[in-house]
Amino acid sequence: MRNKNLLDIYTILTKKYKSLNWWPIDKKYHEKNKTDPRFEIITGAILTQNTAWSNVEKSLEKLKEKNKLDINSIIQSKPKELSEMIRSSGFFNQKTDRLREISMHISNKYNQDLDKFFSKDFKKLRTELLSLNGIGPETADSILLYAGEKPVFVVDAYTKRLCQRLPIDVEIDYDSIQKHFEKELSKKYSGEELIEVYNQFHAQIVIFAKEFCRKKPVCSNCPLSSICDYTNKLL
DNA sequence: GTCCAGGGCCGTT
DNA sequence: AACGGCCATGGA
């Protein structure tokens with residue numbers, strides 16, 4: 001049976017993983033420093049590009065130690081200082097440029113005001129994000145969904161792998177997969193609830209793929225084995 | 001020691 | 001349009 005139903009998959013994964021707190025932010029830091037917590041998500045989205053989150057956490061801690069986790073501080077920091085603080089995230093020279101570029105953009109065009117930034121029509125905002133050097137579709141969509149709370153489904157390497165293995169009948173490119181997920185999920189959900197489903201489902205897929213649907217799959221005890229062709233082929 | 005992680009860009013076919 | 005090389009650290 002090809003073309004697995006996304007709603008079925010979501011139901012199964014929700015049963016297993018309950019409610020995930022996927023993109024934690026340090027609320028206390030931002031309350032104390034009167035900084036915008038959404039910028040921590042923007043920063044994390046860039047730092048985690050092809051990088052383990054554990055390495056990103058170290059960088060975020062360093063930025064917080066030095067009270068630099070805000071747009072203005074990033075702009076004011078010397079590039080060398082900044083790249084040293086985010087060293088643990090890897091690709092630190094590029095990521096320094098990328099953090100500075102998006103910070104400059106939000107500063108120049110929105111006066112460093114993320115309320116203004118995110119109040120823009122999110123489809124236009126997506127195009128705008130993609131025009132920045134170093135912001136590709138996944139980073140843009142992570143920012144839109146997790147910081148902006150916009151109804152945008154985030155696709156990543158794990159989502160692609162899941163689609164190939166189950167399989168889900170869709171072209172394996174970012175936009176096709178995203179469209180398919182958004183179309184299917186918005187049949188059942190809407191508004192705030194849809195946003196929460198996008199949030200949870202993406203998080204579930206990442207956790208699930210790390211645990212079971214790895215490059216070398218661990219199919220024993222996989223919660224999706226009953227509907228996965230890949231598993232059944234192996235057996 | 002090797003592999004790879006919550007990508008994206010740029011140059012070559 | 002598709003593909004390969006490149007960017008770099010730290011944990012498994």
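The shown structure was predicted, so the numbers you read here are calculated from the model rather than taken from an experiment. Below, chains carry the letters A, B, ... as their sequence lines are ordered, and counting in each starts from 1.
Within the nucleic acid shown, K95(A) has no heavy atom closer than 4.0 Å to any nucleic acid atom. Among the atoms of the strands shown, only primed sugar atoms or phosphate atoms (P, OP1, OP2) are found under 4.0 Å from some heavy atom of G136(A). Residue Q94(A) is in base contact, counting any heavy-atom pair closer than 4.0 Å across all strands shown.
Ring pair F201(A)/F181(A) is tilted by interplanar angle, where 30° to 60° counts as tilted. In this structure, Y146(A) and H202(A) have tilted ring planes: the angle between them lies in the 30° to 60° band.
With hydrogens and angles disregarded, no donor-acceptor distance shorter than 3.5 Å links the side chain of K16(A) to the backbone of Q204(A).
In this structure, K58(A) places its NZ atom 8 Å from C1' of dG11(C), rounding to the nearest Å. Summarising the geometry, the separation between NZ on K216(A) and C1' on dA12(C) is reported as 14 Å, rounded to the nearest angstrom. Between the CG atom of L47(A) and the P atom of dC7(C) there is a distance of 19 Å, given to the nearest Å. Between the CG atom of D173(A) and the P atom of dA2(C) there is a distance of 8 Å, given to the nearest Å. Atom CZ of R87(A) is separated from atom P of dG11(C) by 14 Å (rounded to the nearest Å). Between the CG atom of D175(A) and the P atom of dA2(C) there is a distance of 12 Å, given to the nearest Å.
Bounding nucleotides for the chain A contact on DNA chain B, 5' to 3', at a heavy-atom distance below 4.0 Å, are dC4(B) to dC9(B).
Considering only residues two or more places apart in sequence or on other chains, F212(A) meets the ring-ring contact (aromatic ring centres under 6.0 Å, His included) condition with F208(A).
Heavy-atom distances to DNA chain B give each of W23(A) and I135(A) a nearest nucleotide, and the one nearer the 5′ end belongs to W23(A). Closest-nucleotide positions on DNA chain C for N50(A) and S54(A) were compared, and the one nearer the 5' end corresponds to N50(A). Of the residues near DNA chain B, R161(A) and G134(A), the one whose nearest nucleotide (by heavy atom distance) lies more toward the 5' end is R161(A).
Under 4.0 Å is where a charged nitrogen must lie from a carboxylate oxygen, and between E128(A) and K109(A) at least one such pair does.
dC3(B) and dA8(C) have their C1' atoms separated by 14 Å, given to the nearest Å. Comparing dC4(B) with dC7(C), their C1' atoms are spaced 15 Å from each other, to the whole Å.
Listed by residue number, the members of residues 139-150 of chain A with any heavy atom below 4.0 angstrom from DNA chain C form an empty set.
The side chain of N93(A) places an N or O atom within less than 4.0 Å of a non-bridging phosphate oxygen (OP1 or OP2) of dA8(C).
Counting non-hydrogen atoms of other residues, nucleotides and ligands closer than 6.0 Å to CD of E31(A) gives a total above 12.
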Derivation and outcome, side-chain contact (heavy atoms from CB on, under 4.5 Å), residues R161(A) and Y158(A): CA-CA 5 Å; R161(A) 189 188 297 158; Y158(A) 297 129; 4.0 Å; yes
Quick one, I9(A) with L166(A), criterion side-chain contact (heavy atoms from CB on, under 4.5 Å). Give me CA distance, side-chain angles, the key distance, then yes/no. CA-CA 10 Å; I9(A) 297 165; L166(A) 281 170; 3.4 Å; yes
Report the C-alpha distance between T51(A) and K95(A) in whole Å, list the side-chain angles of each, state the deciding distance to 0.1 Å, and finish with yes or no for side-chain contact (heavy atoms from CB on, under 4.5 Å). CA-CA 11 Å; T51(A) 298; K95(A) 286 174 179 174; 2.9 Å; yes
